[in-house]
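Just below is one structure, and these are the notes that go with it.
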2 protein chains.
Amino acid sequence: MRRNNPAGRLPEPLNPIADDGDETHFCRTCAFSGACIAEGYGKPELLELHCLVEHVGPFHAGEHIFRTGDPFRSIFAVRAGTVKTSMVDPDGHEQVLGFYLPGEVIGLNAIYPDQFPCDAVALDTAYFCRFSFPAMSALATRMPAVQQRLFRLISKELGMATLLAGDHNADMRMAAFLTDLAARYEERGFSGTRFHLSMSRGDIANYLRLAAETVSRVLSRFRQQGLIELEGREMLLRDPEGLRQIGRNLLSH
Amino acid sequence: MRRNNPAGRLPEPLNPIADDGDETHFCRTCAFSGACIAEGYGKPELLELHCLVEHVGPFHAGEHIFRTGDPFRSIFAVRAGTVKTSMVDPDGHEQVLGFYLPGEVIGLNAIYPDQFPCDAVALDTAYFCRFSFPAMSALATRMPAVQQRLFRLISKELGMATLLAGDHNADMRMAAFLTDLAARYEERGFSGTRFHLSMSRGDIANYLRLAAETVSRVLSRFRQQGLIELEGREMLLRDPEGLRQIGRNLLSH
DNA sequence: CGACAGAAATGACGTACGTCAAGCGCGCTT
DNA sequence: AAGCGCGCTTGACGTACGTCATTTCTGTCG
């Protein structure tokens, strides 16, 4: 009986890792793997893409991957761990822009200003693939699927930012946040109902443009309503469909 | 004396038009003209780009340029007039996403979902250049400057959406909105202090995620404070620097 | 010209969420 | 194990903005 979970405790979730790439294959969950499949893995150009990838990490919780103002030279695909990106406005207030899971890509919003417009900070121990952007856009020039992939990644990010910009109440924002997170975990092959929140309540609040206290209250209410189970940062979605309904105005699919 | 403006009336602003292109030159203010300058106007590929442009319009106030769900085949550069884009959420509430002036490009957010995620409606009589997107991305494959231009246009749009997503009070949002509009007019060669608001107060309110009444009140206050002069939809910025200061947290430059 | 409709301004009032403050639990460090 | 700090929760209260209602203005059409 000692080996069972004590009553009221959630079981440990798997630690999300997408680190199954090698010299000639992308990680299974990588945002660029789709481009490779489209083109056929054998192409010499894809080998080039592999050559221009540099594996970096580990970064530990709190460490910066890049900082506001750094010259834009690379984009990063998350191999393992979680990242938050944030800006600080002229008054010194932090603004969380997004959270990034294994397989997702950070740095795309630096293309226009040609320097990073935000900080990227590891929330836990994180590893990355670094792609030189000049090399990548040169490759995109020769490989339509890579170009397509880049366009779509940026355009997708644009869609996310747009949704967040709507005016919605705290319940909708929170429900949409959880549903989105779940969908992204699932998409990458992790559990879509049980996962670890790598970010603090404060970060979630900031991201959703709410006060940390409001986030606490909404989560407590969701728990009372049987929508979720939550212990510390271990999340279990008990009624994903219910959450999706609450947040539907903010969710594209 | 009859020819002078009566006291308290603003003079008529110029009607913004950017329609000075022909078969071999882009409109002066066009978002793509930069790509041409970078490459040198003479290149045969640019003539191709001209071939794939189709001039469309006029669209009259209230007419749709495209609708949510339309298959994505083209992007549009505004040649004259003003456009608003908007989504309706599952509850039927409209969400204004943006306003587009002559020289600016609409439709970029359709790349990822491969269909238009929003409606585009003319706010006054409007003309466009329609670019076939498949043709354009094929061209981008051969012309790095065109690819670069596309990346930057999308990335810029991403930056805009991000700013709007912050939580800021009504004064800041309004001041930033006016400052941004002024900067964009100026960038395209129009007056940056005196212009016509083609959109209703309701549309502005919706865009800024405020109530129409709040917009009215803020504008009245700005007028009392001597920041602006406003008569109907004719806007004169009396203290652009003051406005910029109020909205500085929302403005990147 | 006068009548009408929609847009805009202004005032009175309600509320969702922020702010402030106190208390609790959990993981460090020594 | 005790002590400390930080993240989280919960309650009490304030406020910026939304909602509702009324009035005024503007442009359009008989």
Side-chain angles (χ1 to χ4, degrees), chain A residues 6 8-10 12 60-62 84 91 93-96 121 123-124 164 166-175 177 196-225 228-235 246 249-250, chain B residues 6 8-10 12 60-62 84 91 93-96 123-124 164 166-177 196-225 228-235 246 249-250:
Chain A
R9 300 221 131 223
L10 297 177
E12 281 298 301
H60 298 286
K84 82 167 175 190
D91 293 354
H93 302 132
E94 186 185 1
Q95 285 257 17
V96 174
V121 179
L123 292 176
D124 43 28
L164 203 74
D167 70 328
H168 304 283
N169 64 28
D171 284 26
M172 279 172 68
R173 298 183 105 92
M174 194 68 215
F177 171 69
H196 178 82
L197 297 171
S198 334
M199 66 296 285
S200 69
R201 302 288 193 274
D203 282 339
I204 297 174
N206 190 314
Y207 174 65
L208 299 177
R209 279 59 174 147
L210 299 169
E213 293 90 333
T214 304
V215 165
S216 258
R217 280 186 258 262
V218 172
L219 287 174
S220 298
R221 189 143 23 82
F222 281 3
R223 194 161 25 191
Q224 285 167 27
Q225 295 168 189
I228 62 170
E229 269 177 54
L230 179 59
E231 193 178 303
R233 295 187 178 183
E234 302 310 315
M235 174 64 76
I246 297 172
N249 286 358
L250 260 127
Chain B
R9 300 220 132 223
L10 296 178
E12 281 299 299
H60 298 287
K84 83 167 173 188
D91 293 356
H93 302 132
E94 185 186 2
Q95 284 258 17
V96 174
L123 293 176
D124 43 27
L164 203 74
D167 70 328
H168 304 282
N169 63 29
D171 284 25
M172 279 172 70
R173 297 182 107 91
M174 193 69 216
F177 170 69
H196 178 83
L197 297 171
S198 336
M199 66 295 286
S200 70
R201 303 286 194 275
D203 282 339
I204 297 175
N206 189 314
Y207 174 65
L208 298 177
R209 280 57 173 148
L210 299 169
E213 293 90 333
T214 305
V215 165
S216 259
R217 280 187 258 262
V218 172
L219 287 174
S220 298
R221 188 143 25 80
F222 280 4
R223 196 163 20 192
Q224 284 167 28
Q225 294 167 190
I228 61 172
E229 268 175 55
L230 179 59
E231 193 179 303
R233 294 186 177 184
E234 302 309 316
M235 173 64 75
I246 296 172
N249 286 358
L250 261 125

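Residue numbers begin at 1 in each chain, while the letters A, B, ... track the order of the sequences.
- Among the protein residues, B/Ser216 comes within range of the nucleic acid bases, having at least one heavy atom under 4.0 Å from a base atom.
- Legend: residues meeting side chain to side chain contact (heavy atoms under 4.5 Å, CB included) with A/Ser220, ordered by chain and number and at least two apart, are A/Arg223.
- B/Glu94 approaches B/Asn206 most closely through the heavy-atom pair O-ND2, 3.0 Å.
- Computed from coordinates, the B/Glu234 CD to D/dC25 P distance equals 19 Å when rounded to whole Å.
- Where the helix from C/dC1-D/dG30 to C/dT30-D/dA1 starts and where it ends, the local axes point in directions that differ by 30°; five pairs per end, rounded to 10°.
- The salt bridge (Lys or Arg N to Asp or Glu O under 4.0 Å) analysis of residues 207-218 of chain A, with sequence neighbours excluded, yields no pairs.
- Across the protein-nucleic acid pair, A/Asp203 atom CG and D/dC6 atom P stand 16 Å apart, rounded to whole Å.
- Residue B/Ile204 is tested with B/Arg173, B/Met174, B/Lys84 for a side-chain contact (heavy atoms from CB on, under 4.5 Å); the sole match is B/Met174.
- A/Ser198 meets the side chain to side chain contact (heavy atoms under 4.5 Å, CB included) test with A/Thr82, A/Leu123, A/Asp124, A/Tyr185, A/His196; sequence neighbours excluded.
- One atom, CE of A/Met199, and another, C1' of D/dC6, lie 19 Å apart when rounded to the nearest Å.
- Distance CG (B/Leu219) to P (C/dA9): 7 Å, rounded to an integer number of Å.
- Between A/Glu231 atom CD and C/dG27 atom P there is a gap of 10 Å when expressed in whole angstrom units.
- Contacts of B/Asp171 classified as salt bridge (charged side-chain N to carboxylate O under 4.0 Å, His left out), with partners at least two apart in sequence or in another chain: B/Arg221.
- Among the protein residues, B/Arg233 comes within range of the sugar-phosphate backbone only, with heavy atoms under 4.0 Å from sugar or phosphate atoms but none that close to a base.
- Looking only at distances, no side-chain donor or acceptor of A/Arg201 sits under 3.5 Å from a matching main-chain atom of A/Arg233.
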Taking N or O atoms only and anything under 3.5 Å, show me the protein contacts with nucleotides 13-19 of chain D, one pair per line.
unit_1	atom_1	unit_2	atom_2	d
D/dC17	OP1	B/Ala170	N	2.8
D/dG18	OP1	B/Arg209	O	3.4
D/dG18	OP1	B/Ala211	N	3.1
D/dG18	OP2	B/Ala211	N	3.0
D/dG18	OP2	B/Thr214	OG1	2.3
D/dT19	O4	B/Arg217	NH2	2.9

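- Per the geometry, CZ belonging to B/Arg221 stands 13 Å off C1' belonging to C/dT10, to the nearest Å.
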Please step through side chain to side chain contact (heavy atoms under 4.5 Å, CB included) for the pair B/Ser216 and B/Leu219, ending with a clear verdict. CA-CA 5 Å; B/Ser216 259; B/Leu219 287 174; over 6 Å; no
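- Regarding A/Asn206, its CG atom lies at a distance of 13 Å from the P atom of D/dC8, rounded to whole Å.
- Formation of a donor-acceptor pair under 3.5 Å by the B/Asn249 side chain with backbone atoms of B/His168 is not found in this model.
- Out of C/dA8, D/dG7, D/dT9, the shortest distance to the side chain of A/Arg201 is found at D/dT9.
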